[in-house]
Asks: 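Below are the C-alpha cells for one structure; questions will follow.
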Amino acid sequence: MTDLTTLLEVGGPVAALGGGAAYARARHPGLYWSTVGLPLSTARLIGSYGSVMEACGLTVAPSRLRVLAVKATSRREVRPVPPRRGIIRPTTTGLRVRLRLAPGQEPADVAASAERLRHAWGVHAVYVTTVKPGVVDLRLVGFDVLNRVRMPRKTQAELLRVPVALREDATPFLRDYRTVPHQLTLGATLSGKSMYLRHLVTGLARQPVALVGIDCKRGVELAPFAARLSALATNPEQAAELLPALIREMEERYDLIKARQGIAPGTPDEEITSDIWGLPESERPVPVVLFVDEVAELFLVATKKDEERRDEMVTQLIRLAQLGRAAGIYLEVCGQRFGAELGKGATMLRAQLTGRVCHRVNDEASAKMALGDIAPEAVFAACAIAPERPGLAVAGDTSGGWSRIRTPYLSLGDAAETCRAWAHMVPDLPALKPFRPDVPAPPVEIPSPVVKPRPVTD
C-alpha cells in the first residue's frame, strides 16, 4: 500500500509535466523548443554524430597516417572519418552546425542526406548551405516556423530592400529591388497575395521611394494606401494615361544619365555610369516602384478600340520592364493567372519579370506559368499549398533556386495607418502630380461634453 501511494505521488507531477510539455509543443512550439527540444536534440547530435554520419554514407576511409597513429597508440578499431564538426550554436528556432567536409565529399552529399539527419536528431527540418569550398552550414529547424509566422527582430530594412516574409528555414525573405528589379506574384482569391502586397507597400513607405499603383478593381486594394502613393490609376482608362507619363519619366532619366556620360579626358572611372546609382546623390532621382494589381484587367478587351489601347499599355509595360531598371523604375506585377491566353505580349512581359512568387492557385497550369520556366520542381510545391494556410507561397527566381515562404498577418487598417504616418515621404515628381490620388481627411471625433446637462424635472 505504501509503494502504491508513493507511485501515485510521483506519477502525478510526472503526468502533469508531460501534459504541460505536450500542450507547449502544440500551442507554443518556440517555448517548447527552448526548454525541451533544444537540450534533447543537442544531446542526440553530440552522442550519435559519428554513427549517424556513417549510416548516411558521409564518412570516408581514414588516411594511412591516421591508421598508423591509431594502431601505434591504441588497440581500438580504426573507423571511417566523418566531416569535422564545429561548435553547435543554438538559436530561437533551431541549431546551427558548421561542417568541414572530408576529402572527396561535396555539399550535394550532405544535402541528399538531410531527411535522414532530420529523423536521426529529432528536428523538424535540416537545410544545407555552402559557406565556401569544403565547408557547409547545417541549419536545423526545431519546429514548423511557417505555422505561426514571427519575423526575426534583428531584420533591418535598407533602401529598396524589404523583409516581407519568413522562409521555411527560419531566415527572412527579403524583396531586394536592386538585385531582382521586377517580380511576378500570382495567387488565387484568399491565397494571401493581398497580404504580401501590404507588407511590400508598408515596408517601402518608410523609404525615400515613389510608389505608383495601378489597381483596376476600382482601387479596392491600393486606395487605402493613397496617402503614401505618388500616383494611382483605378481603371484601364486612367492606366492608359499613367503609363505614358512613366515612359516619359524614364526617358528623362536616361537623358540625365547620358548627359553625365559626356566623358572628358581624365574623368575618374567611378564617375562614369550607366544607371542612376552611379550619379551623385544630389543629382540622383528617387526610385519608382510600380504596383500592378490584377494585371489581367489590362489585357481584357471588349471592342476594337479597347484592343488598340490594350496593345499600347502592354507595349509600355514591356518597355518599363526592359529599360526601367537602369532608370530606377521597378515593377511588381500581381494577378491570379498570367499566361499566353491573356493576349499578345503577355509571355514577353513575363519573361522580363525575374522574381516569381506563387501563392495557392486553382490549377497546375497557373503554377507552371509562374514557376515552370525557372524551377520546374517548385511547381509541385506550389500545387500542394493547402487553403487552410493563407499567405504560404513558393518564391523563386531565374537562378533556379526556390523556397517556401509565408507572410505574417497585417490588417488593412494597420497598413493604411502606416502609410498615413509616412505620407510626408512622398517625393516631388512633377510628371506624376496629375495622377496623385485624393486623400480623404480622417474623421474628426467630436468629444463628449464634460459638463452634464441639467436634468429636466416636472
Side-chain angles (χ1 to χ4, degrees), residues 159-160 177 181-182 197-198 200-260 275-277 279-295 297-298 309 312-317 319-321 323-334 415-442:
L159 181 61
L160 293 174
Y177 289 91
H182 313 304
L197 189 61
R198 290 175 197 172
L200 275 179
V201 173
T202 55
L204 292 171
R206 301 173 172 86
Q207 303 181 10
V209 178
L211 305 181
V212 179
I214 296 178
D215 182 7
C216 292
K217 294 192 300 184
R218 296 296 177 182
V220 294
E221 292 290 346
L222 296 178
F225 317 132
R228 184 57 183 86
L229 297 181
S230 298
L232 176 63
T234 58
N235 53 55
E237 291 78 12
Q238 295 178 0
E241 299 176 1
L242 175 58
L243 288 173
L246 289 172
I247 294 293
R248 289 192 297 271
E249 176 70 20
M250 181 183 69
E251 293 172 347
E252 291 177 0
R253 296 186 177 199
Y254 269 106
D255 292 340
L256 179 63
I257 296 171
K258 185 178 179 180
R260 187 70 181 181
D275 56 29
I276 65 168
W277 302 108
L279 298 174
E281 189 172 355
S282 58
E283 302 179 11
R284 185 186 308 154
V286 295
V288 178
V289 179
L290 172 62
F291 297 97
V292 182
D293 191 49
E294 292 301 343
V295 65
E297 289 293 325
L298 297 180
R309 184 185 61 197
E312 292 180 1
M313 289 191 296
V314 173
T315 302
Q316 291 158 355
L317 278 175
R319 290 192 64 193
L320 288 173
L323 308 174
R325 183 207 62 82
I329 299 177
Y330 308 95
L331 299 184
E332 196 74 34
V333 180
C334 305
E417 182 61 31
T418 301
C419 291
R420 284 193 293 267
W422 294 91
H424 62 280
M425 295 292 291
V426 177
D428 183 20
L429 289 177
L432 300 180
K433 278 187 177 181
F435 308 96
R436 180 77 189 275
D438 296 329
V439 181

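Here the structure is a predicted model, which is why all the values come from computation and not from measurement.
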Asks: Among Thr234, Val292, Asn235, Leu298, find the residue that satisfies the side chain to side chain contact (heavy atoms under 4.5 Å, CB included) test when tested with Cys216.
Replies: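 Looking at Thr234, Val292, Asn235, Leu298, the match for Cys216 under the side chain to side chain contact (heavy atoms under 4.5 Å, CB included) is Leu298.
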Asks: To the nearest 0.5 Å, what is the distance between CE on Met250 and CG on Leu323?
Replies: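 The distance works out to 4.5 Å.
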Asks: Roughly how far, to the nearest 0.5 Å, is CD1 of Ile257 from CD1 of Ile276?
Replies: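 Ile276 atom CD1 to Ile257 atom CD1 measures 7.0 Å (nearest 0.5 Å).
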Asks: Can a donor-acceptor pair be found, under 3.5 Å and without considering hydrogens, that links the side chain of Arg436 to the backbone of Leu229?
Replies: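 Yes.
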Asks: If you look at every heavy atom in Ala223 and Leu232, which pair is closest and at what distance?
Replies: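 The pair with the smallest heavy-atom distance is CA-CD2, 4.0 Å.
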Asks: Do Leu432 and Leu242 come within less than 4.5 Å of each other through their side chains, counting heavy atoms only?
Replies: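 When only atoms from C-beta onward are counted, Leu242 and Leu432 do touch, with a gap below 4.5 Å.
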Asks: Are the side chains of Ile214 and Leu243 in touch, meaning some heavy atoms are under 4.5 Å apart?
Replies: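 Yes. Closest side-chain heavy atoms under 4.5 Å.
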Asks: Flag the pair Arg248 and Glu252 as a salt bridge only when some basic side-chain nitrogen lies within less than 4.0 angstrom of an acidic carboxylate oxygen.
Replies: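 Here Arg248 does not pair with Glu252 in a salt bridge, since their nearest N and O are not under 4.0 Å apart.
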Asks: Which heavy-atom pair separates Leu429 from Ala210 by the least distance, and what is that distance?
Replies: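 The pair with the smallest heavy-atom distance is CD1-CB, 3.6 Å.
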Asks: Measure across Ala423 and Ala227 and return the closest heavy-atom pair with its distance rounded to 0.1 Å.
Replies: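 Closest approach of Ala423 to Ala227: CB-O, 3.4 Å.
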Asks: Going through the checks in order, is the side chain to side chain contact (heavy atoms under 4.5 Å, CB included) test met by Leu317 and Leu290?
Replies: CA-CA 10 Å; Leu317 278 175; Leu290 172 62; 4.2 Å; yes
Asks: Do Val288 and Arg253 have side-chain heavy atoms sitting under 4.5 Å apart?
Replies: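 Contact flag for Val288/Arg253 side chains = yes.
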Asks: Please assess Trp422 against Gln207 for the test side chain to side chain contact (heavy atoms under 4.5 Å, CB included), listing each intermediate value before the final yes or no.
Replies: CA-CA 9 Å; Trp422 294 91; Gln207 303 181 10; over 6 Å; no
Asks: How about Pro208 and Leu159: do any of their side-chain heavy atoms sit closer than 4.5 Å?
Replies: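 Heavy-atom side-chain distance check passes, below 4.5 Å.
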Asks: Are there over 12 heavy-atom neighbours, none belonging to Lys217, within less than 6.0 Å of that residue's NZ?
Replies: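 Atom NZ in Lys217 is crowded, with more than 12 foreign heavy atoms closer than 6.0 Å.
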Asks: In Å and rounded to the nearest 0.5 Å, what is the CZ to CG distance from Phe291 to Asp215?
Replies: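 Reported value, rounded in 0.5 Å steps: 12.0 Å.
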Asks: Please report the interatomic distance CD(Glu332) to CG(Leu211), rounded to the nearest 0.5 Å.
Replies: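 Here the interatomic distance stands at 11.5 Å.
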Asks: Run the side chain to side chain contact (heavy atoms under 4.5 Å, CB included) check on Val209 and Met425 step by step: do they pass?
Replies: CA-CA 8 Å; Val209 178; Met425 295 292 291; over 6 Å; no
Asks: How long is the gap from OH on Tyr177 to CG on Leu331, to the nearest 0.5 Å?
Replies: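 Atom-to-atom, Tyr177:OH and Leu331:CG are 9.5 Å apart.
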Asks: Report yes if some heavy atom in the side chain of Trp277 is under 4.5 Å from a heavy atom in the side chain of Pro287; otherwise report no.
Replies: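 They are in contact (side-chain heavy atoms under 4.5 Å apart), so the answer is yes.
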Asks: Ser230 and Pro427: which non-hydrogen atoms are nearest, and at how many Å?
Replies: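 For Ser230 and Pro427, the tightest heavy-atom pair comes out as OG-CD, 3.8 Å.
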Asks: At what distance, to the nearest 0.5 angstrom, does OG1 of Thr418 lie from CZ of Arg228?
Replies: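 Output value for this atom pair is 12.0 Å.
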Asks: With a 4.5 Å limit on heavy-atom distance, are the side chains of Leu197 and Leu222 in contact?
Replies: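 Touching, per the 4.5 Å side-chain cut-off.
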Asks: Under a 4.5 Å cut-off applied to non-hydrogen side-chain atoms, are Phe435 and Gln238 in contact?
Replies: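 Not touching, per the 4.5 Å side-chain cut-off.
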Asks: For Ala245 versus Ala431, what's the shortest heavy-atom pair and its separation?
Replies: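 What the structure gives for the nearest pair is CB-O, 4.0 Å.
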Asks: With a 4.5 Å limit on heavy-atom distance, are the side chains of Tyr330 and Leu204 in contact?
Replies: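 No - every pair of side-chain heavy atoms lies 4.5 Å or more apart.
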Asks: State which residues pass salt bridge (charged side-chain N to carboxylate O under 4.0 Å, His left out) with Arg319; sequence neighbours excluded, sorted by chain then number.
Replies: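 Arg319 satisfies salt bridge (charged side-chain N to carboxylate O under 4.0 Å, His left out) with Glu251 only.
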Asks: What is the minimum heavy-atom distance between Ala233 and Ala239, and which atoms define it?
Replies: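 Closest heavy-atom pair between Ala233 and Ala239: CB-N, 3.6 Å.
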